[in-house]
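Structure record follows, encoded as structure tokens.
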Amino acid sequence: MSAPYRLRLPGPTVVPERVRAALARPVLNHRGPEFAEILAETAGLLRKVAGTANEILLFACSGTGMMEASLANVLAPGDKALVIANGQFAERFATIAKALGGDADTIDVPWGQAVDKDSLAARLAGGDYRAVVAVHNESSTGAVADLAEIGAVVRATPALLVVDSVSGLGGIEMKQDAWGVDILLGASQKAFMCPPGLGLASVSDKAWKAIDQDAGRARFYWDFRRARDAAVKGQTAFTPAVSIAAGLREALRMIFEEGLPEVLARHRRLGEALRAGGQALGLPIFTKSPIISDTVAVFGVPDGLEGGAIVRHMYERYGTVIAGARNKLAGKVIRFGTMGYLDDADIVVDLLHLERTLADLGHPVTPGAGMTAAAERLRRQ
Ligand SMILES: *Cc1c(COP(=O)(O)O)cnc(C)c1O
């Protein structure tokens, strides 16, 4: 008998039965009243998750589509963005900015660490930047940006704060309006417990003032102005991911039935438990930032082992699908998603499979140490 398939990536994540049932319902007219109702409820609940009163814009795309959309709406050729570069997704933003004909300056921060607000303020004062770009939850390293602090720095300048919270929203706290995030972007396949294919953005008044100017920006599908005009009519500009929107509404209902604070606390508890368990098996936590992710656990790989071998063995022998790295950390880290539809038992089984994998690969482990450390944390709320 082959081991059951356990999807434990930092996205895509497990889709619960209730959401799969919603996804399986007949496709609706995307300009009809039934879909308008789905959009309205989904947008209302997304606003609560994001901590915003803004209109919510939905697109049919993966998270990277929303990264490009956000920059396409604020950068014209020659415009400069300042990217806080502390991981793979931040580097992708810099590449996108250049692909759009913009300029991307970076504040280079060692991977796994967070930017220091004084160096951000100094760099911002020294350049004419349209946007500061930050990744809320850097899935490649587990570093979480202190957006309250970054927002306070950027708010005092003409620059817009663009934030990727693709792997944060719904799993860790977001207060877009209070923190001064101008463009917030997310996607369906992380803590929102849906399949990939739906992207979302929420845009502040400060950002709309910039977006509403034409300024030679190359945008059509991604034009937020068109998306806003459709959103106020209960529609999307082009054919949306109708089924995923229905799934997302169901997922959001599940989140609010459990309670948003309770959902965030569960992510905290499970993230801490998995990190404690991995450490007890001898794996160091890679992340060094003051705030550590509760939606992705990133471990360093002990000497003598290779990350890819751990990932392969966990899947082939035990059916547990985790991630390594596809960047300069390749071989050096392993990553577990700790977001979405997860409970205590998932974490305990992750650690059982990790312990067995390490032992199978010849790494000494204390049997049960990981699960015991996790159980200790899981006993507390
Ligand atoms: C998953 C993810 C994305 C989006 O990646 P896609 O593969 O395009 O969906 C963007 N940013 C972060 C931080 C992510 O974790």
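Order of appearance sets the numbers: ligands from 1, and atoms from 1 within every ligand.
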Under-4.0 Å salt bridge between Arg269 and Asp294 = no
Can you figure out which of Leu185, Leu9, Asp164 has its heavy atom closest to atom 12 (C) of ligand 1?
-> Asp164
Counting each atom of ligand 1 from 1 as listed, which ones have a heavy atom of Met67 under 4.0 Å away?
-> 10 (C)
Could Arg226 and Phe238 be counted as a cation-pi pair, given that NZ or CZ must be under 6.0 Å from the ring centre and within 45° of the axis?
-> no
Honestly, is Lys48 close enough over Phe256, meaning NZ or CZ under 6.0 Å from the six-membered ring centre and within 45° of the axis?
-> yes
If you measure from the Lys or Arg side-chain nitrogens to the Asp or Glu carboxylate oxygens, is any gap between Arg225 and Asp214 under 4.0 Å?
-> yes
Of Arg377, Arg379, Arg380, which is the lone residue that meets salt bridge (charged side-chain N to carboxylate O under 4.0 Å, His left out) with Glu272?
-> Arg377
The answer for which part of His136 has a heavy atom under 4.0 Å from ligand 1 is neither
Taking 4.0 angstrom as the limit, do Glu306 and Lys332 come out as a salt bridge?
-> no
For atom 14 (C) of ligand 1, the closest protein heavy atom turns out to be Lys190 NZ, 3.0 Å
Do the charged groups of Lys80 and Asp128 touch, with an N to O distance under 4.0 Å?
-> no
Mind checking whether Glu138 contacts ligand 1 via backbone (N, CA, C, O), side chain (CB onward), both or neither, at a 4.0 Å heavy-atom cut-off?
-> neither
Looking at Ser167, which atoms of ligand 1 are within less than 4.0 Å of one of its heavy atoms?
-> 13 (C), 15 (O)
Which atoms from ligand 1 have a heavy atom of Gly63 less than 4.0 Å away?
-> 4 (C), 6 (P), 8 (O), 9 (O)
Could you see which bit of Thr64 sits under 4.0 Å from ligand 1, with heavy atoms only: side chain, backbone, both or neither?
-> both
Of all the non-hydrogen atoms in the protein, which one sits nearest to atom 15 (O) of ligand 1, and at what distance?
-> Ser139 OG, 2.4 Å
Residue, atom name and distance, where the atom is the protein heavy atom closest to atom 9 (O) of ligand 1 | Gln189 NE2, 2.7 Å
Distance from Asp223 atom CG to Ile211 atom CD1, nearest 0.5 Å?
-> 9.0 Å
Which of the ligand 1 atoms, numbered from 1, are nearer than 4.0 Å to a heavy atom of Asn137 = 13 (C)
